[in-house]
Number of protein chains: 2
Amino acid sequence: MPPEAGKGRAPNIRDVAALAGVSYQTVSRVLNGSEKIRPETKQRVLEAIEESGFRPNQAARALVTSRSRTIGVLSTHQHAHFGPQTMVHAMEVAAAESGYRLAVVTTGTTAASIVEALERLQSQAVEALVVVAPKVSVFEAIEDSSLDLPLVTLDSSIHNKRPGRTHSFAVDQYEGARMATRHLIELGHRSIIHVAGPQDWIEADERMQGFLYELSENDLPVRAPILGELSADFGYRAGLELVRRRDFSAVFAANDHMALGLLHAFRDEGLSVPGDVSVVGFDDIPDAAHYLPPLTTVRQDFAAVGRRSVEIVIGAIDTGSLGALELIRPTLMVRESTAPPPVAWR
Amino acid sequence: MPPEAGKGRAPNIRDVAALAGVSYQTVSRVLNGSEKIRPETKQRVLEAIEESGFRPNQAARALVTSRSRTIGVLSTHQHAHFGPQTMVHAMEVAAAESGYRLAVVTTGTTAASIVEALERLQSQAVEALVVVAPKVSVFEAIEDSSLDLPLVTLDSSIHNKRPGRTHSFAVDQYEGARMATRHLIELGHRSIIHVAGPQDWIEADERMQGFLYELSENDLPVRAPILGELSADFGYRAGLELVRRRDFSAVFAANDHMALGLLHAFRDEGLSVPGDVSVVGFDDIPDAAHYLPPLTTVRQDFAAVGRRSVEIVIGAIDTGSLGALELIRPTLMVRESTAPPPVAWR
DNA sequence: CGCCGTCGTGTGAACGTACACATGGACCCT
DNA sequence: AGGGTCCATGTGTACGTTCACACGACGGCG
């Protein structure tokens, strides 16, 4: 007979027990990998599970253990696309390996929508939280919301605000920005502009800080960064504005999409990259190697971040304590969008 | 006193009942929006809920109703990035509005990983399934897996295989491909090559069929499409190969990433776009408007697809029946990567 | 004036599992 | 031989909610 036959009800632990000729508790033990069980009995139970098509009821399990085995993921839609997508996928795989699942909630940027996202997460009884796209306002909302969970944030500056309960883990944005800037300086650029992301966005801010630090370290003039969204559209508009000023020989963009917009604007206005101006991006999305020209950028290992963040958070659930800040070094990918400045700028 | 104070246990329905001076069943009725309840009592219960910080236990609810209120989403990592990301976000919002949540599982392309993904979905007791990235092998695996759920697939050709239980809903890929091809033909191109996606990928296949149909409709010579991954890397390699052949004046790429790779290859080999060759993409990802040159492409309303698919699937859960195939028309975005063919090709 | 229907509310059971504890047998040590 | 220990397995109960049903009060109607 087919496994799913019989009455409409799904088989439960007692059906399996009856089939195997043991008590339901024995089945439960097999399910939970208890040691104290005779291999022969275990085998019989396993066969009964197979035969009946039994599948443990997560709801019942969650109810009695008061453990949801769910990790909440808070992501912002804003910064959609490659990075978060890759991280979340890696997180999902890592979570599944440890018997956890993910509750992914994407939120807008307004305070109200963040609160609402936290609400949804709480109603799913998540045991821990990973904040993928850390904005300052997200943390403010979390502080306010009196929810007390192990929290991993994918940035490198918040962790000291909630000692013991918060763990930061991330690619070192600050260092990445310094690498990008240093690369331009080593090529001979002395007038470098930064097109930055929104400043309430922690990563964007760190990239800017890294940029500014490296500039002052080398006694170079600091010009105010241009602030905007992390999109190609904004990069394009910023590029047009920059062309009018013409007071720079290199631009460091806060991400690759912005850099693409800059490339577009510069081409439209007759500026050659890297002949007239050099451009560096951040992220190394798969398309970046095919931009015209192929983009010099800072590569982040998104998958590693996703994987590790889940490991950390599961560790925190089990042990109750979180470690310190960890950082992954990014890599500079030098391609064709950077070159020494034109003679006029040396 | 703070809402979360007291013993370690979270407040339950009985605590609320005691606080409001009613029975637990009355609280349950308020929670479920029952009609038969005096407004005054309801008010009192609501206040007690507020005061105690009560939050209904989803696990208990799921256990007794045997309803998980979870919609499974099966996505493939392969085709990561913009489209799926946008759809899933829209789905999540739409689901939350109706009190559902999403269980997103991303799978690789091997049969084993698809089976494993379905397994994970089943263990989460999803009530319905939306297949975001439909591959032929996914449906084969679903057929084999004896799981019987309302199923919405985001493509337009599978739906008649499981009448009544499956609903297809999608942007009309076939029509989109015809629009793109027709655009090239109207510009005067007579030798058009298609760089196609993997053929076990239903959408990619439909795009190819649309392309082929439009060609034969216009009595144009059909050259074998180049098959490969939907990535810029592959587009680049295909582009290099195409340049060697030089037997075309236009290329229709199966997605924007591929088109970007083509642009890169053509530039590397000294071919001007659209001067020497025209290029059309598919998807209209946000970057496409900033490619060099800005890409003519077919826009899909991903958010609408995501939203509607959840509506359909929830309707199916409630009523038990699914409607017929629905299609959304895409839009052709004409930008600068297409122009009439050079004189030699007319 | 008694009956019935309706409204608002309460009581008992059930969902499927894991935990705490109980049981019975085999074995070892003294 | 007796007691203690460990092993393998079984029994009772609790988790928090909803469903089916029961119940009292009230009003309308014959």
Side-chain angles (χ1 to χ4, degrees), chain A residues 6-49 52-70 99 101 122-125 127 318, chain B residues 6-46 48-49 52-70 99 101 122-125 127:
Chain A
K7 30 203 179 265
R9 198 167 67 23
N12 65 21
I13 209 179
R14 297 184 131 94
D15 299 326
V16 174
L19 204 60
V22 296
S23 80
Y24 56 83
Q25 174 59 7
T26 302
V27 178
S28 174
R29 275 190 263 262
V30 171
L31 255 24
N32 293 287
S34 164
E35 308 295 304
K36 318 278 180 190
I37 196 155
R38 213 185 311 161
E40 161 196 327
T41 316
K42 179 173 177 179
Q43 187 55 35
R44 207 145 30 95
V45 171
L46 255 20
E47 281 162 14
I49 289 174
S52 61
F54 168 78
R55 190 179 281 286
N57 182 316
Q58 301 286 355
R61 197 174 263 195
L63 177 59
V64 71
T65 57
S66 47
R67 301 263 331 252
S68 64
R69 294 196 81 83
T70 300
R101 52 192 158 176
Q122 264 181 294
S123 83
Q124 296 197 41
E127 296 184 37
D318 293 343
Chain B
K7 28 199 181 269
R9 197 166 69 20
N12 65 22
I13 209 178
R14 298 185 132 95
D15 299 328
V16 174
L19 204 59
V22 296
S23 79
Y24 56 84
Q25 174 61 4
T26 302
V27 177
S28 174
R29 275 190 263 260
V30 171
L31 256 23
N32 293 288
S34 163
E35 307 295 305
K36 317 279 179 189
I37 196 154
R38 212 184 312 159
E40 163 196 324
T41 316
K42 179 172 176 179
Q43 188 55 35
R44 208 145 29 97
V45 171
L46 254 21
I49 289 173
S52 61
F54 168 78
R55 192 178 282 286
N57 182 317
Q58 300 286 354
R61 195 175 266 192
L63 177 59
V64 71
T65 56
S66 49
R67 299 264 329 254
S68 64
R69 295 195 80 83
T70 301
R101 51 191 159 176
Q122 265 181 293
S123 83
Q124 296 198 41
E127 295 183 37

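Letters A, B, ... mirror the listed sequences (proteins, then strands); counts begin at 1.
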Item to complete: For the side chain of A:Q25, starting at C-beta, report the closest nucleotide among D:dT17, C:dG16, D:dT11.
Response: D:dT11
Worksheet entry | A:N12 vs A:N57 side-chain heavy atoms within contact, under 4.5 Å | no
Discussion item. So that I can tick it off, tell me whether A:E127 and A:R69 are bridged by a salt bridge, with the cut-off set at under 4.0 angstrom between side-chain N and carboxylate O.
Written reply: no
Practice prompt. Take atom CD of A:E40 and atom C1' of D:dT9, then tell me their distance rounded to the nearest Å.
Written response: 13 Å
Worksheet item: Side chain of A:I13: nearest nucleotide among C:dT17, D:dT11, D:dT17?
Response: C:dT17
Worksheet entry | Side-chain heavy-atom pair A:R101, B:Q124 within 4.5 angstrom cut-off | yes
Worksheet, complete the sentence: Result for side chain to side chain contact (heavy atoms under 4.5 Å, CB included) between B:I49 and one of B:L31, B:D15, B:L19 points to B:L31
Worksheet item: Can you tell me how far C1' of D:dG16 sits from CG of B:N57, to the nearest Å?
Response: 6 Å
Worksheet item: Expressed in angstrom and rounded to an integer, what is the separation of B:L31 atom CG from C:dT9 atom C1'?
Response: 16 Å
Practice prompt. Starting from P on D:dT11, measure out to CZ on A:R14 and report it in whole angstrom.
Written response: 10 Å
Worksheet item: Heavy atoms under 4.0 Å, any strand shown: does B:I37 hit a base, just sugar-phosphate, or nothing?
Response: sugar-phosphate
Worksheet item: Nearest to the side chain of A:R38, which nucleotide is it out of D:dT17, C:dG16, D:dA8?
Response: D:dA8
Practice prompt. Kindly say if B:K36 contacts the phosphate of C:dC7, meaning a side-chain N or O under 4.0 Å from OP1 or OP2.
Written response: yes
Discussion item. Between the base of C:dG10 and the side chain of B:R29, is one N or O donor paired with an acceptor at under 3.5 angstrom?
Written reply: yes
Worksheet item: Does B:N32 have a side-chain nitrogen or oxygen under 4.0 Å from the phosphate oxygens OP1 or OP2 of D:dT18?
Response: yes
Worksheet, complete the sentence: Sorted by position of nearest nucleotide on DNA chain C, 5' first, the leading residue of B:R44 and B:L63 is B:R44
Discussion item. Using the side-chain heavy atoms of B:A60, tell me which of these nucleotides is nearest: D:dG16, D:dT18, D:dG10.
Written reply: D:dG16
Worksheet, complete the sentence: Closest of D:dG10, D:dG16, D:dT18 to the B:S28 side chain is D:dT18
Worksheet item: Closest to the B:F54 side chain: D:dT13, D:dT17, C:dG12?
Response: D:dT17
Worksheet item: When you check the phosphate oxygens OP1 and OP2 of D:dC15, does a side-chain N or O of B:N12 lie under 4.0 Å from one of them?
Response: no
Worksheet item: Would you say the base of D:dG16 and the side-chain of B:R55 have a donor-acceptor pair closer than 3.5 Å?
Response: no
Discussion item. If you only use heavy atoms from C-beta on, which nucleotide in C:dG16, C:dT9, D:dT13 is closest to the side chain of A:Y24?
Written reply: D:dT13
Item to complete: When you get a sec, tell me which of C:dT11, D:dT17, D:dC15 is the closest nucleotide to the side chain of B:V64?
Response: D:dT17
Worksheet item: Can you tell me how far C1' of C:dT17 sits from CG of A:D15, to the nearest Å?
Response: 13 Å
Practice prompt. Give a yes or no on whether the backbone of A:V30 and the side-chain of A:S34 come within a donor-acceptor separation of less than 3.5 Å.
Written response: no
Item to complete: Pick base, sugar-phosphate or nothing for B:T41, based on heavy-atom distances below 4.0 Å to the nucleic acid.
Response: sugar-phosphate
Discussion item. Would you say that A:L46 contacts A:K42 through its side chain, given a criterion of any heavy-atom pair below 4.5 Å between the two side chains?
Written reply: yes
